[in-house]
Amino acid sequence: MGFKSDFTEKLVKSKNLYDKALDALPGGVSSPVRAVKPFPFYMKFAKGSKIYDVDGNEYIDCCMAYGPLILGHSHPMIKEAIKEQLEKGWLYGIPIELEVEYANLIRKLYPSIEMLRFVNSGSEATMAAIRLARGFTGRKKIVKVEGSFHGAHDAVLIKAGSGATTHGIPNSAGVPEEFVANTLQVPYNDAQALAELLEKNPDVACFILEPVMGNSGLILPEKSYLKEIRKITSENDVLLIFDEIITGFRLAPGGAQEYFGVEADLTTLGKIAGGGLPCGIFGGRKEIMERIAPSGDVYQAGTFSGNPLTLSAGYAAVSFIVKEKIHDYLERITNYVKENVNDFVSSKAMNVSVDSIASMFCIYFGNKPSNYSEALKLNSTLFIEFFWKLLEKGVFFPPSQYETCFISYSHSEEDSERIMEAVTECLKELL
Ligand SMILES: *Cc1c(COP(=O)(O)O)cnc(C)c1O
């Protein structure tokens, strides 16, 4: 509140639109994290790494719609795939060949996914995966990580990251305590805490986590954490669910599982998987997935599931990622930003740093966190001041200390230089 930036005074059309939006939409937006204070800018169009607002400003986008756009905005090859499908109709409610083809491509990239189902959002995917884990094991409890975000459904809205944390409501109203009585939590990067919790609770169906946390800022797994939790869950006969909705196709074509060499029992995918259209996927071992209706007794269904447009866009995007081997380039661009900002910061002895993995990066105002409670100590007010200064210099970061920045295949070397320069200029002004 009370926050003012000179730049906001130039966003006249955006301000007018937001004033109208506040009357029609709660908080003026369709998803909470977009509601940056004092108001968000409104989009006109986007192409490649650039976005253009209604007041005529151009920005380099480092948010990329919170992850899905790994190839950049309006990628011509994806546009072509969508157009081709549009001509043939965009919703049938009847199976199509592409479902099988795309499923097989994903099975090839993720050996732990023997069977899968397409749904419409990441939230839907994690909701179904958790239900399936409970149905398969016949157990009630689930374990999640503090500060993780798995979408906006009842079972996971406690100590939830992303917009829930940004807006100070990690525990949502409207979720009866009975509904989350079976949701247990552990801190990230603490395998011992998981082992102890499972020892005390023999009735746990699954442990769900983001292998790399991307919704409490970016938090990387310590050296052997993922291998240890794989071992602990196996020993306790608890299903391990990797929520790879951000990391899938992002860390490597085969996601965190390929990157770290750890396999999950169930996996959720989304974001990149839809090529920019709404998408979710859950999949895993055959004996578990066969419990999904109609082959099994765990119910899950959706009118728009596996819709032709999403499948076309998603299949085009993922095929491109595999064929073009884009990950080395993405990492090089990301590392350039990280290393140069860190060099600058260390020369000034500021308590700010950048960390990254593959094409995900984050700037921390405070000590780099290794779990949620440390992330909460970051200076999120200072981050927002930084956010506005950066926007004025033509670079858009997601508007919260608790989100992650993304580099896309459309970001050029020149973009990375401009991002780095804008960030260091802002830091000079701020600190
Ligand atoms: C974005 C996200 C979700 C939710 O996906 P939606 O498509 O927004 O419902 C779930 N899990 C993780 C890790 C995410 O980043």
| task | Indicate whether the side chain of R117 and that of Q300 have a donor and an acceptor atom separated by less than 3.5 Å. | result |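 Looking only at side-chain atoms, Q300 and R117 do form a donor-acceptor pair, the distance falling under 3.5 Å.
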| said: Within the 3.5 Å criterion, strictly below it, is a donor on S49 or D415 matched to an acceptor on the partner's side chain? | reply: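 Note: S49 and D415 side chains meet the donor-acceptor criterion.
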Residues which pass ring pair (Phe, Tyr, Trp, His ring centres under 6.0 Å) with [X], listed by chain and number, not counting sequence neighbours:
{"X": "F45", "value": "Y52"}
{"X": "Y402", "value": "none"}
{"X": "H411", "value": "none"}
{"X": "Y336", "value": "none"}

| Would the H75 and F320 ring centres measure less than 6.0 Å apart? |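 Yes, they do, as the ring centres are separated by less than 6.0 Å.
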Are [X] and [Y] within salt-bridge range, i.e. N to O under 4.0 Å?
{"X": "D203", "Y": "K141", "answer": "yes"}
{"X": "R139", "Y": "D237", "answer": "yes"}
{"X": "K389", "Y": "E392", "answer": "no"}
{"X": "R332", "Y": "E413", "answer": "yes"}

Just grab all the ring pair (Phe, Tyr, Trp, His ring centres under 6.0 Å) pairs involving [range], residues at least two apart or on different chains.
{"range": "residues 179-206", "result": "Y188-Y225"}
{"range": "residues 194-218", "result": "none"}
{"range": "residues 111-137", "result": "Y102-F118"}
{"range": "residues 232-251", "result": "Y110-F249"}

The criterion is side-chain contact (heavy atoms from CB on, under 4.5 Å); which residues satisfy it with [X], sequence neighbours excluded?
{"X": "E222", "result": "N189, S370"}
{"X": "K13", "result": "V54, D55"}
{"X": "N335", "result": "E331, K338, E339, S356"}

| With sequence neighbours excluded, residues passing salt bridge (Lys or Arg N to Asp or Glu O under 4.0 Å) with R230 |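 Applying salt bridge (Lys or Arg N to Asp or Glu O under 4.0 Å) to R230 gives D265.
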